[in-house]
Amino acid sequence: MTDLMSKIVSLAKRRGFIYPSSEIYGGFGSGYDFGPLGVEMKNNIKRAWWDEMTKNHENIVGLDAAILMSPRVWQASGHLTAGFADELVECKSCHKRFKADEIQHPRLNSLTSGVCPECGGQLTEPRKFNLMMRTFVGPVEDEAAITYLRAETCQGIFMNYENVLNSMRLKIPFGIAQIGKAFRNEITTKNFIFRIREFEQMEMEWFCHPKDAKKYFEFWKKERLNWFINLGIKKENLRLREVPKEERPHYAVETVDIEYKFPFGWGELEAINNRGDFDLSNHSKYSGKDLRYFDEKTKERYFPYIIETSGGIERSFLAFLCNAYQEIKGGRTKTTKPTKEIEILLKLDKRIAPIKVAVLPLVRNKPKIVKKAKEVYQLLKPHFVCQYDELGSIGRRYRRQDEIGTIYCLTIDFESLKEDDLTIRDRDTMAQERVKIKDLIKVLKEKMEN
Ligand code: ATP
């Protein structure tokens, strides 16, 4: 793991963003749990995406389909066959397993030479390994009871395409957006939360006339790239990659990946796929139900093409963390004495930061100041995600808040008792201004929206 990644992983655990799953039992299959700050931040990412899809576009509606579906869904979708399998190779000496395409890289070239990149032992021939996670429904664990944890959320959307179309009286083009868990029995998990076996996807399926598919593919590519940029991801760390035919998922006519430059290299954040009519035509064939769309005006009956935007929440989360992480050598406040200290600043976008406001009494041994600070905390709590902190020097508390990306620190001091006001310190500029407590909610709301 790179030095920067180790620092981010350690910060994430230390400050309550992300913990290893089942840690007291030695961890579990590179699963991760989101702590108090992690869940706030994750919810903020989901909220930003949901609002973008369902509020900023006129004709996108939401859905929350069940994770467990009929296994026939997965037969029709092609996920039970070779289409959704990775190639696995194993070292005969150290028994390490690798995804064949990972070690096919020209620099490593282990696959063609048949040599293990870890220990130099001999590799087995690649064999197909299906990524679907199996489970049983009902009390008897026989073949008939087998079903699967969904490997992509979009199948729930295709299952409800007709329900949504009819109940919401929609006309093509329109979109259905969904956020939810997906599961893949990945051969290897790595790079913290980048590749895990249980993750969350935010997917939007855009149903359109086949002749418009190209136009909308271009449209969504730009929209999605801009979403990340608008939320503060640096442009130079984002790129679009046209995925060549041999690498594309089995259902895709065209794929472009939005990639982010993680500390360990470029990695896929989100895929934009033109799925053609693969899904609706296959589900029609397998279910016997005609899922073609009927255009009342033109009297045309056709399978809509689907343009999909498919992003992983954990990967976005990791990109936001990496993008925001800054180390300031010598500290942020220039003192007369040079200091060797390194301060961490998490410069997250206001919408993504988990804690919006911290309430800090200047000192904790003056009951009147503490009382006032607690009153301010109670006042703000219903409006903003807040923290109250009275431990340690004020400078130290500012640093603790900077490290988790808190946007504003409010300090209640001696003057506050006389003036009924406090100081607001801005995370990014460190500028401080005094504000009357009676105006506080209004001022903070304006600042947050700015
Ligand atoms: P990769 O090539 O990295 O395995 P993929 O091409 O299989 O990814 P898609 O099927 O396009 O991924 O899934 C859409 C999105 O879901 C990805 O862009 C990613 O953000 C997320 N995702 C997929 N697999 C995982 C995983 N194992 N862990 C975390 N996120 C994932």
Side-chain angles (χ1 to χ4, degrees), residues 18 21 29-34 38 42 45-46 49 74 77-79 82-88 98-105 129-133 149-158 177-205 217 220-221 224-225 227-228 233 238-262 264-275 278-279 306-322:
I18 301 169
S21 158
S30 298
Y32 288 95
D33 299 334
F34 286 77
K42 214 177 186 199
I45 297 173
K46 291 186 203 176
W49 184 87
W74 302 107
S77 72
H79 282 79
F84 195 61
D86 276 346
E87 292 207 308
L88 166 78
F98 305 94
K99 245 176 109 172
D101 61 1
E102 275 175 1
I103 55 172
Q104 224 152 10
H105 193 281
F129 177 83
N130 192 279
L131 301 179
M132 295 294 289
M133 289 228 193
L149 302 184
R150 66 183 177 199
E152 53 180 24
T153 54
C154 58
Q155 292 302 327
I157 296 182
F158 306 143
Q178 178 171 228
I179 295 178
K181 289 263 178 175
F183 303 81
R184 294 183 189 179
N185 207 359
E186 298 279 359
I187 294 170
T188 51
T189 54
K190 64 155 116 148
N191 290 328
F192 194 30
I193 53 169
F194 180 82
R195 185 177 303 287
I196 40 186
R197 295 193 173 101
E198 175 184 342
F199 54 98
E200 279 190 273
Q201 287 187 316
M202 29 196 194
E203 296 196 301
M204 194 282 299
E205 308 298 315
F217 185 77
W220 283 110
K221 211 166 78 178
R224 295 305 303 141
L225 186 68
W227 185 77
F228 287 106
I233 302 271
L238 284 169
R239 71 176 186 196
L240 292 171
R241 187 176 81 95
E242 304 248 355
V243 180
K245 195 163 187 270
E246 59 282 8
E247 278 182 46
R248 260 179 243 152
H250 62 279
Y251 46 75
V253 180
E254 192 175 1
T255 299
V256 161
D257 285 346
I258 300 178
E259 294 191 334
Y260 178 75
K261 196 176 181 188
F262 290 99
F264 47 83
W266 288 97
E268 175 183 334
L269 264 187
E270 174 159 337
I272 317 298
N273 293 305
N274 175 354
R275 298 180 73 118
F278 179 89
D279 303 281
I306 295 173
I307 306 301
E308 167 185 77
T309 71
S310 172
I313 292 167
E314 289 79 1
R315 287 193 190 175
S316 298
F317 193 112
L318 187 57
F320 283 120
L321 268 190
C322 296

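Remember, predicted model here, so these are calculated numbers, not experimental data. Just so you know, ligand 1 is whichever comes first in the structure, and atom 1 is the first atom listed for that ligand.
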For the residue pair Glu308 and Glu205, establish whether any side-chain heavy-atom pair is separated by less than 4.5 Å.
yes

Looking at residues at least two apart in the chain, or sitting in another chain, which of them share a ring pair (Phe, Tyr, Trp, His ring centres under 6.0 Å) with Tyr32?
Phe192

Side chain Arg315, main chain Leu269, donor-acceptor under 3.5 Å:
no

For Phe228, enumerate each residue passing the ring pair (Phe, Tyr, Trp, His ring centres under 6.0 Å) test, keeping only those at least two apart in sequence or located in another chain.
none

Under the ring pair (Phe, Tyr, Trp, His ring centres under 6.0 Å) test, residues paired with Phe34 that sit two or more places apart:
Phe317

Distance under 4.0 Å, heavy atoms only, partner ligand 1: which residues pass?
Lys99, Arg184, Glu186, Phe194, Arg195, Ile196, Phe199, Gln201, Glu268, Leu269, Glu270, Ala271, Ser310, Gly311, Gly312, Arg315

Under 4.5 Å between any side-chain heavy atoms of Lys221 and Glu254, yes or no?
no

